[in-house]
Structure formats: structure tokens, C-alpha cells
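In what follows, chains carry the letters A, B, and so on, assigned in the order in which the sequence lines appear, proteins first and then strands, with residues in each chain numbered from 1.
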Amino acid sequence: MSKTKFNTHHGMVDLLPGEIEQWQALESIVRETARLFHFQEIRTPVLEQTELIARGVGQLTDIVSKEMFAFDRGEDRYVLRPEGTAPVARAYVQNHLAQRGGTQRLFYIGPFFRAERPQKGRQRQFHQFGAELIGASSAIADAEIIAFMQTVYNRVGITNTSLKLNSVGDPESRDAYRKALYNYFQPISGKLSEISRKRLETNPMRILDSKEEEDQPLKIDAPKIFDYLSNRSKEHFNAVTDHLERLHISYVLDPFLVRGLDYYTETAFELTSPDLGSQDALGGGGRYDLLIEDVGGPPTPAVGFACGMERLMIACDALGITMADPPGPDIYFVTRGEAAARWALEFMPDLRTNGLVCTMDYSGRSLKAQMKDANRQQARYTVIVGEQELEKNRITLRNMEKSEETTVHPEELAGSVTAIQKSR
RNA sequence: GAGCCCAUAGCUCAGUUGGUUAGAGCGCCAGGUUGUGGCCCUGGAGGCCGUGGGUUCAAAUCCCAUUGGGCUCCCCA
């Protein structure tokens, strides 16, 4: 372990054949779900301006204050993007997507970076898929976004999840609530954990999602945000829950759910799984009605979600879910002699044109070794070609699963295998 | 930034109170079958016992340091 000359950085891993198939299958599910919801993909650069992230995500958040991979080059300040929403918001403004009219329905899949201490379900380079609905203020948009997220997990087969829902209100509601929290916690600040005492001054709402032992009893009687929501915020939130019920999406109200990014307004949600261990959030999101304006666009309401792909994989492992098909080729050419190998090389392109997955031995090994390799690759058929076959113009087709062999004319090969391919 | 645990073959791990040449299973390569996979049998390759220092006649084993990894807190996906 770890004495090779070069290694990946801490918290960054290679995805190798054998596991990558699962990732590709997940990406297919995300893309297919996006297609059904009529969202289109957007790809933004991995590097963004540091200032965009600092502004968008929030100067005081942990992400910005201590978890960014950032560097300067001349006048320019670069940061490896730690999340997807601020970059998408930037792209929306920069490319004048508002001018295209209507609501922009965007999704993305890609790597993100945070310089945290790695642990289970947390890598320094991690991957998320997410979607953003920009230019829609209706609670229907919130419901659609949640439905999109939920659909991906349903299609993967992860169903034992819990959707937590809260509202963080509009700015006025939140200011009032912050004050109420401050007034509640301030007199008892001596009993708070050290971290929460700091939060009291910077962002009292963050005390609510504290996991510190000593904070738990103090949280219970804290003021609830529902009591401070403006009528407009209340109506919006009630509409969201109505729509979720309409969609038969179950949820639990969680007044302690406060998401760590500053740009959230109104609806906040998080999807958790009992199969993840300590980092139990599969994904989350919410409304961010002020962000587009913050990064230089017109006032534009928006709502979105982001989900951790590594965490989804952990849940799959725990549940024994396999999304990928077995990878074996349809035909493996086992050849004997140079002439046969050349023959096979020349024969494969037509088969591939017909949609058959085929491969062969590349190192002139013994027949036995080639058979063994075909077996290891889980080939469905082997075609055995040697001098005899070339002379008679008949090749041996072996069904690897049934261990049955037939001899066929080369021209018949594609036909017979295609017939079998259909039947599987 | 803090705490706890771990480090022996490609992988999973044995290795006794310090004592010869460091082992097993799986995997890999080959032979048994000079043209046939899986099962079986036989053989082979593959280790500076994470690294550096110390104690000792003798260290994979004990001590110290260091590096890497895992988990947890914080926070987030």
C-alpha cells in the first residue's frame, strides 16, 4: 500500500475497469431522467474565478473559508469548483440564457473539489449530478426539481431514503428569525459548544444543524423558523408540500435543516440514506432566488439540486444493487498461427458493423491460454480459427456457456450470432 | 484544525514468549491435454514485512520518529 513511485493525491481515486461500468450506468440513468424531464446538459469549466465562488457560495461558509483548492496566476485567481450551482448561475448570466426566453432547464454531471479531510463518502475530488431550473418562481418548479432527483434514485433502485424539507424563508423572514435565535441562544451561550458560540455571532442558523452533544437539548426549544416566515414564504412552502403530496413523494419536515451554502432562500431539502454511515446525505438542494442577481444578472428566481455520486455508489453497494450489464464480448477469436490471426483481424470489422462486440488474442499465445482468456473476459462465443479452418473455409463456433461447438461458413457467422444475440 | 485505529505478495490475511531460507487462500504464468475455458492436480513468478533510526548475539515481532491509509468530529454531496 503506497510505496509506488507516483500516487494520486490524498482523497482522490482512480476509477478502474470493473467499477467504471457502474458509473457509466448511473450517468445513463441521470441522462435518461433528464431527457424525460426535458432538461438539457450544461458543461462548465472545472476552474472558475475565485471571486465567483466566494460571492456565490458565501465568504463565511466552510467551503470558501477553508476548503478551496485555489491558486493565482498573474492577475487571475483560479479555484477548482467546489460545487455546481454558482458556475451554472455564472454561465446563465454570461451567455445571456435569459434572452432565450422562458425557464432554463439545465442538468450537469461532473467532478468537484474540496480540500477537506477525506473519510467514507467524502473525497477531495468527488462527483455530482444536479439540475437547475432558472427563471421559475412557482412552487411547481420546486416540486419538479425534487421529483427529478427522486426519480433518479427510484430508477437506480434506492428507495429507503428520507426526504427532509424545510424553508429558510426570504431575506426579511430570515433576518427576523436570526434575531429571535440570537435572543434565545445568547443568554445560554455558556452552555453551547465552542463552535456554536462562534456561530452565534456569524450565522446563528447554523447552530441548528450542529451535531455537538451539548447543543442538542438547547436546540429543542429554540424558536422555529415557521413562526417567522412571511405570508408569502409560508404560502410558497405550503404549495411545495401540496405538490409533493400530489406527486406521492413523501417527506418529513425538519425545522433544523439549514443548508451550508449562503445562497439558499425559501425551500431547502436534503435526501438522506441510512446506508451511508456518518456522511448520510445523498443529495440536497433548494431555491436560490437571489444568486443570479448576486453574480451580476437580473433578478431571477431559481431552484436546483445536487447529488453525490460516490454516496449513491456506497448506497448501491450496501443494497447489493448492480446497474451495469456484464461486460463480456459476443465473440472472442481464438486463432492458431499468423494467417489465422490476420484472417480474424480482417473479419472483425464487419461483425462490429453489425453491432457485435468482438475481440481476439493479441499475443499469439497457446490455444488453451486464449480459451482461458476468453473465459475470463466472459465471452459469450469463441470462434476458433486455424490452418484447418482456413483450408476448408469453415470455422468453429463455440458457445462458451453451453460448451457446444458447431462448424459454420464464415459468412454465416454474423447471422447465427445475431440470432442468439436477440434471444438474450 | 482535533481524536482513534491500521500498515507483511497484485488482493484478503496468518506469522506463537524476539530465534534458521517469511507463509496460506485467491489472482497471475505455465505444464498435465503437441487444437479447446470453467473443475481438479503439479510447478513457477511475485516480499528491503511502509520508511528511517534504536534496543539485542538475533527484530516482521520490542521502542522512538516519520510517511501513507482508514474511520470519527467539524462541515458538506
Side-chain angles (χ1 to χ4, degrees), chain A residues 1-4 7-13 16 18 57-58 60-67 82-85 109-130 149 193-196 198-199 203 206 209-213 215 257-261 269-273 276-285 305-315 328 332 334-337 340 361 363 365-389 395-405:
Chain A
M1 216 170 281
S2 90
K3 53 179 176 210
T4 42
N7 299 295
T8 54
H9 281 298
H10 197 39
M12 301 187 180
V13 298
L16 303 175
V57 176
L60 293 176
T61 59
D62 283 10
I63 291 177
V64 170
S65 62
K66 56 184 188 191
E67 297 172 1
E83 59 97 49
T85 300
I109 301 174
F112 297 90
F113 305 84
R114 292 181 198 172
E116 298 178 273
R117 188 99 180 238
Q119 67 188 67
K120 188 177 184 183
R122 173 191 287 160
Q123 296 293 320
R124 289 183 158 190
Q125 174 172 342
F126 59 103
H127 299 81
Q128 291 187 333
F129 62 87
M149 179 173 86
S193 65
E194 198 184 321
I195 305 134
S196 289
K198 278 181 201 151
R199 290 182 185 132
N203 188 354
R206 294 269 293 284
D209 61 6
S210 166
K211 286 180 198 161
E212 295 290 322
E213 196 79 35
D215 294 339
L257 175 66
V258 178
R259 304 204 31 92
L261 287 67
F269 56 88
E270 195 167 281
L271 193 70
T272 60
S273 160
L276 290 187
S278 175
Q279 308 303 321
D280 67 347
L282 281 168
F305 75 83
C307 293
M309 295 171 74
E310 281 81 0
R311 291 187 186 177
L312 190 151
M313 293 302 175
I314 291 170
Y332 186 112
V334 172
T335 61
R336 188 169 167 74
D361 168 69
S363 43
R365 306 201 289 168
S366 72
L367 212 60
K368 179 176 175 156
Q370 293 186 49
M371 290 299 293
K372 205 174 169 183
D373 192 40
N375 185 60
R376 179 174 26 221
Q377 313 263 338
Q378 299 175 57
R380 281 172 267 285
Y381 287 85
T382 46
V383 166
I384 298 160
V385 198
E387 293 84 8
Q388 299 165 25
E389 283 79 2
I395 53 182
T396 305
L397 175 65
R398 181 181 178 89
N399 180 324
M400 293 297 277
E401 196 192 341
K402 295 182 179 166
S403 298
E404 289 168 1
E405 281 182 15

**Request:** Convert the base pairs of RNA chain B into dot-bracket notation, remembering that pairs crossing earlier ones are written with [ ] and that bases paired across to another strand are shown as |; include only Watson-Crick or G-U pairs under 3.5 Å.
**Result:** (((((((..((((.....[...)))).(((((.......))))).....(((((..]....))))))))))))....
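- Contacts of A:Gln378 with the nucleic acid, taken as non-hydrogen atoms under 4.0 Å apart, are absent.
- The gap from the C1' atom of B:G47 to that of B:U8 amounts to 8 Å, rounded to the nearest Å.
- Taking atom CG of residue A:Asn375 and atom P of nucleotide B:C40, one finds them 13 Å apart after rounding to whole Å.
- In this entry the distance linking CG of A:Asp280 with P of B:U72 reads 11 Å, nearest Å.
- Looking at A:Phe269 and A:Met149, their side chains come closer than 4.5 Å, going by heavy atoms from C-beta outward.
- Within the 4.5 Å cutoff, no side-chain heavy atoms of A:Glu67 are placed close to those of A:Val57.
- When the nucleotides B:G31, B:A77, B:U36 are ranked by their closest atom to the side chain of A:Glu405, B:U36 comes out on top.
- When each of B:U36, B:C73, B:G37 is scored by its nearest atom to the side-chain atoms of A:Leu367, the top-ranked nucleotide is B:U36.
- Atom-to-atom distance recorded for A:Thr335:OG1 and A:Glu389:CD is 10.5 Å, nearest 0.5 angstrom.
- In this structure, the nucleotide among B:A77, B:G37, B:C71 sitting nearest to the side chain of A:Phe126 is B:A77.
- In this structure, A:Ile384 and A:Glu405 have side chains that are in contact, with non-hydrogen atoms separated by less than 4.5 Å.
- No side-chain heavy atom of A:Phe305 sits less than 4.5 Å from a side-chain heavy atom of A:Leu271.
- Note: A:His127 NE2 to A:Cys307 SG = 15.0 Å, rounded to the nearest 0.5 Å.
- No engagement by A:Glu310 is indicated, since no non-hydrogen atom pair under 4.0 Å with the nucleic acid exists.
- Between B:C41 and B:A65, the two C1' atoms lie 50 Å apart (nearest whole Å).
- A donor-acceptor contact under 3.5 Å is not formed by the side chain of A:Thr382 with the base of B:G37.
- Within 3.5 Å, no donor on the side chain of A:Gln370 pairs with an acceptor on the base of B:U36, nor the reverse.
- Counting any heavy atom pair closer than 4.0 Å across all strands shown, A:Gln123 reaches a base atom.
- Regarding A:Arg122, its CZ atom lies at a distance of 10 Å from the P atom of B:C74, rounded to whole Å.
- Taking the P atom of each, B:G44 and B:A22 are spaced 16 Å apart, rounded to whole Å.
- In this structure, A:Val13 and A:Ala281 both approach RNA chain B, and ranking their closest nucleotides by distance from the 5' end singles out A:Val13.
- At a threshold of 4.0 angstrom between heavy atoms, the contacts of A:Leu312 with the nucleic acid are absent.
- Remark: A:His9 NE2 to A:Gln123 CD distance equals 14.0 Å, nearest 0.5 Å.
- A:Glu83 comes within 4.0 angstrom of no nucleic acid atom, judged by non-hydrogen atoms across all strands.
- A:Arg398 contributes a side-chain N or O that forms a donor-acceptor pair with the base of B:G37 under 3.5 Å.
- As rounded to whole Å, 14 Å separates atom C1' of B:U33 from atom NZ of A:Lys372.
- To the nearest angstrom, P of B:G69 lies 11 Å from NE2 of A:His9.
- Whole-Å rounding puts the A:Asp361 CG to B:G37 C1' distance at 14 Å.
- Taking atom NE2 of A:His127 as the reference point, atom P of B:A77 lies 16 Å away to the nearest angstrom.
- Between the side chain of A:Arg398 and the backbone N or O of A:Ser403, no donor-acceptor pair lies under 3.5 Å.
- Remark: A:Gln119 is in phosphate contact with B:U72, judged by side-chain N or O atoms under 4.0 Å from OP1 or OP2.
- Using a 4.0 Å cut-off, some side-chain N or O of A:Arg365 falls inside it from OP1 or OP2 of B:C29.
- Atom name C1', nucleotides B:U12 and B:G70: the rounded distance is 16 Å, in whole Å.
- A gap of 30 Å separates the C1' atoms of B:U67 and B:G25, to the nearest Å.
- Atom CZ of A:Arg380 is separated from atom C1' of B:G37 by 16 Å (rounded to the nearest Å).
- B:C13 and B:A7 have their C1' atoms separated by 13 Å, given to the nearest Å.
- Contacts of A:Gly130 with the nucleic acid, taken as non-hydrogen atoms under 4.0 Å apart, are absent.
- Residue A:Arg117 has its side chain nearest to B:G3 when only B:G3, B:U36, B:C29 are considered.
- Rounded to whole Å, the separation between the C1' atoms of B:G38 and B:U34 comes to 23 Å.
- As judged by a 4.0 angstrom heavy-atom cut-off over every strand, A:Lys368 is placed among the base-contacting residues.
- Spacing of C1' atoms, B:G68 relative to B:G19, comes out at 31 Å, to the nearest Å.
- A:Glu389 comes within 4.0 angstrom of a nucleotide base, judged by non-hydrogen atoms across all strands.
- Distances from the side chain of A:Lys120 to the nucleotides B:C28, B:A30, B:C71 place B:C71 closest.
- Closest heavy-atom contact between A:Ser65 and A:Leu60: OG-O, 4.2 Å.
- Out of B:C74, B:A77, B:G38, the shortest distance to the side chain of A:Gln128 is found at B:A77.
- Of all heavy-atom pairs spanning A:Leu282 and A:Ser273, the tightest one is CD1-CB, 3.7 Å.
- For A:His10, counting side-chain heavy atoms from C-beta on, the closest listed nucleotide (B:U36, B:G69, B:G38) is B:G69.
- Taking only side-chain atoms of A:Met400, from C-beta outward, the nucleotide of B:G37, B:C74, B:U36 with the closest atom is B:G37.
- In this structure, A:Leu367 and A:Val334 have side chains that are in contact, with non-hydrogen atoms separated by less than 4.5 Å.
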